[in-house]
Undergrad: 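My questions will all concern the structure given below.
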Amino acid sequence: MSQQAGTAAEQGLVSVVIPAYNVAEHIGEAIASVRAQNCPQLEIIVVDDGSKDGSAELVEREHPDVRLFRKENGGAASARNLGMREVRGEYVAFLDADDVWLPGKLEVQIAYLRARPQVGLVCSGFSHWEADADGHFPDPQARYPEPPGMAVDSLRSGWIYHKLLLDNFVWTSTVLMRRSLIEKIGYYDESLRLGQDYEYWLRAARDTEIHRLAGIMALYRKHRGSATVRGADVNYAARVVAGAVERWGLASPNGESITQEAFRERLSRIHFMMGYGHYQRGNASTALREFLACAKLRPAHVKSWAYVLLAGARSLTRSADR
């Protein structure tokens, strides 16, 4: 790696990197959930990615001990990379500014990594966090009053590269990783506006065992402004998965592998789901492109061809109306 992350790692210190873009409404809760962790050695790094809603000013005013960095808007990958270059801790965690951790997350994960030197990254289960009828998000601790345990999701732990090809079950806001792993594998790919976390975990899975704890340790806030809700015209997930297989193949470093058929089915499913999302949003031309990609991978998949016809007809109708 051409640039080393920050200065020499401080043993026991946990660095939390929070990218922020127009999240003034939510970032205070995210920071509060970090402070609620039973972790005496902690630094919080917020990277404001060109917000226009006063997010950076709010952090500066209400959380003066947070290490705040400002940059022009460049996406989550560039924001996380800036934060990762500034970390000082032995361990690095990530939290999206509109999500929250549950109490006990860091304590459990730090203990887990300390007991297992062969594991470079640990993640956990998570749950969606939705507003009630009045638009208020319910108290997380009321829903999850018990602290998370150390039970392991054995099917999603170990040398999991081949399993990640079929399902991205490493969610960024649950991750705690050793800084030494960052120094081996580098930073996020900034050319990916979405899916950069998926590519990063696939890359990490080539270098280390990754373990997933079964407990719910973080909540993903569902709201209209999130990137996954907005979607994208480029199928970044397909690009990431296909690129990984082209570079590393279908097998994990320990030899466990998926079949070519399973990979093609996975890739076709990615195209179909993106096509369906765009079809529902009325983006017929993008939907048609994705359904065609799916049908080429699985020619016998009748549903794909049906949607090719539907999206094609809708696209032609809209072109005629212009």
Side-chain angles (χ1 to χ4, degrees), residues 3-111 113-114 122 124 126 129 137 139-141 147-148 172-183 187-188 217-221:
Q3 284 183 292
Q4 191 177 16
T7 57
E10 296 182 26
Q11 295 299 305
L13 178 67
V14 179
S15 300
V16 183
V17 177
I18 304 177
Y21 178 67
N22 290 342
V23 285
E25 183 180 1
H26 304 304
I27 193 169
E29 287 180 286
I31 293 173
S33 76
V34 175
R35 297 192 196 282
Q37 302 296 311
N38 184 18
C39 183
Q41 293 180 271
L42 188 70
E43 71 167 353
I44 303 174
I45 297 172
V46 170
V47 181
D48 185 79
D49 191 36
S51 294
K52 306 298 183 184
D53 70 341
S55 295
E57 290 76 14
L58 183 148
V59 172
E60 188 173 47
R61 181 177 65 252
E62 299 187 10
H63 306 278
D65 58 327
V66 167
R67 297 180 63 202
L68 174 65
F69 298 88
R70 292 179 171 90
K71 61 183 286 296
E72 293 183 2
N73 182 255
S78 64
R80 289 196 184 104
N81 282 346
L82 193 159
M84 290 161 71
R85 289 186 174 96
E86 295 293 336
V87 299
R88 298 183 293 212
E90 178 184 3
Y91 304 103
V92 178
F94 303 95
L95 177 61
D96 287 346
D98 46 1
D99 300 329
V100 295
W101 287 344
L102 296 175
K105 173 193 183 291
L106 287 184
E107 184 177 12
V108 169
Q109 291 184 322
I110 291 169
L113 287 181
R114 284 178 174 167
V122 63
S124 75
F126 68 96
W129 191 24
F137 288 87
D139 180 7
Q141 291 191 56
T172 305
S173 286
T174 71
V175 164
L176 180 71
M177 64 189 300
R178 299 183 194 276
R179 177 174 147 170
S180 58
L181 179 59
I182 296 174
E183 293 170 351
Y187 301 109
Y188 284 85
M217 298 189 183
L219 299 182
Y220 168 67
R221 189 192 302 265

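Just so you know, these numbers come straight off a predicted model, no measurement behind them.
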Undergrad: Just to verify, what does E25 make a salt bridge (Lys or Arg N to Asp or Glu O under 4.0 Å) with, not counting sequence neighbours?
TA: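 If we apply the salt bridge (Lys or Arg N to Asp or Glu O under 4.0 Å) test to E25, skipping adjacent residues, there are no hits.
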
Undergrad: If I take atom CD from residue E90 and atom CZ from residue R114, how far apart are they, to the nearest 0.5 angstrom?
TA: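 E90 atom CD to R114 atom CZ measures 6.5 Å (nearest 0.5 Å).
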
Undergrad: For a side chain to side chain contact (heavy atoms under 4.5 Å, CB included) check, start with the C-alpha distance between N38 and L106, then their side-chain angles and the critical distance, and finish with the verdict.
TA: CA-CA 7 Å; N38 184 18; L106 287 184; over 6 Å; no

Undergrad: Within this structure, what is the OG-CD1 distance for the pair S173 and I18, rounded to the nearest 0.5 Å?
TA: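 Output value for this atom pair is 9.0 Å.
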
Undergrad: Compute whether any side-chain donor of one residue and acceptor of the other, for S78 and K71, lie under 3.5 angstrom apart.
TA: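 Side chains of S78 and K71: pair found under 3.5 Å.
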
Undergrad: Does D49 reach the main-chain N or O of G75 with its side chain, forming a donor-acceptor pair under 3.5 Å?
TA: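 Checked: pair present.
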
Undergrad: Mind checking side chain to side chain contact (heavy atoms under 4.5 Å, CB included) for S51 and listing every partner two or more places apart, or none if nothing turns up?
TA: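 For S51 the side chain to side chain contact (heavy atoms under 4.5 Å, CB included) partners, ignoring immediate neighbours, are Y21, N22, D48, D53, S55.
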
Undergrad: For G83 and I45, which heavy atoms make the closest approach, and how far apart are they?
TA: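 Shortest heavy-atom contact: O-CD1, 3.9 Å.
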
Undergrad: Which residues pass the side chain to side chain contact (heavy atoms under 4.5 Å, CB included) test with P103, not counting sequence neighbours?
TA: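 Side chain to side chain contact (heavy atoms under 4.5 Å, CB included) list for P103, sorted by chain: Q141.
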
Undergrad: Counting C-beta onward and ignoring hydrogens, is there a side-chain heavy-atom pair between Y187 and R80 closer than 4.5 Å?
TA: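 When only atoms from C-beta onward are counted, R80 and Y187 do not touch, as no gap falls below 4.5 Å.
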
Undergrad: What is the minimum heavy-atom distance between L95 and S33, and which atoms define it?
TA: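 In this case the closest contact between L95 and S33 is CD2-OG, 3.9 Å.
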
Undergrad: Going by side chain to side chain contact (heavy atoms under 4.5 Å, CB included), name the residues that satisfy it together with A218, two or more places apart in sequence or in a different chain.
TA: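 W101, W171, T174.
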
Undergrad: Could you list the residues that satisfy side-chain hydrogen bond (donor to acceptor under 3.5 Å, both in side chains) with R178, not counting sequence neighbours?
TA: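 Residues passing side-chain hydrogen bond (donor to acceptor under 3.5 Å, both in side chains) with R178: none at all.
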
Undergrad: Could you tell me the separation between the CE atom of M217 and the CG atom of L176, rounded to the nearest 0.5 Å?
TA: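 Going from the CE atom of M217 to the CG atom of L176 covers 10.5 Å.
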
Undergrad: Side chains of I182 and M84, heavy atoms from C-beta outward: is any pair under 4.5 Å?
TA: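 The answer is yes; the side chains approach within 4.5 Å.
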
Undergrad: Is there a donor-acceptor pair closer than 3.5 Å between any side-chain N or O of E43 and the backbone N or O of R88?
TA: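 Yes; judged by distance alone, with no hydrogens or angles, the pair exists.
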
Undergrad: What's the shortest heavy-atom distance between P19 and D96, and which atoms?
TA: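 Looking at all heavy atoms of both residues, the shortest contact is CG-OD1, 4.1 Å.
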
Undergrad: Check salt bridge (Lys or Arg N to Asp or Glu O under 4.0 Å) between D99 and all other residues, then give those that pass, not counting sequence neighbours.
TA: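 Scan of D99 (salt bridge (Lys or Arg N to Asp or Glu O under 4.0 Å), adjacent residues dropped) gives none.
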
Undergrad: Give, for atom OG of S15 and atom OH of Y91, the distance between the pair rounded to the nearest 0.5 Å.
TA: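 Here the rounded value is 12.0 Å.
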
Undergrad: For residues E10 and Q41, determine if any side-chain heavy atom of one lies less than 4.5 Å from a side-chain heavy atom of the other.
TA: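 They are not in side-chain contact.
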
Undergrad: Would you name the heavy atoms of A97 and A30 that are closest together and state the gap between them?
TA: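 Smallest interatomic distance, heavy atoms only, reads O-CB, 3.5 Å.
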
Undergrad: Decide, yes or no, whether a salt bridge links R35 with D65 under the criterion of side-chain N to carboxylate O below 4.0 Å.
TA: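 Salt bridge between R35 and D65, a charged N being under 4.0 Å from a carboxylate O: yes.
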
Undergrad: For the CD atom of Q37 and the CG atom of L42, what is their distance to the nearest 0.5 Å?
TA: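 Q37 CD to L42 CG: 8.0 Å, rounded to 0.5 Å.
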
Undergrad: Where is the tightest heavy-atom contact between I110 and C39, given as atom of each residue plus distance?
TA: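 For I110 and C39, the tightest heavy-atom pair comes out as CD1-SG, 4.0 Å.
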
Undergrad: In Å, rounded to the nearest 0.5 Å, how long is the span from CG of L219 to CZ of F126?
TA: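 Those atoms lie 10.0 Å apart.
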
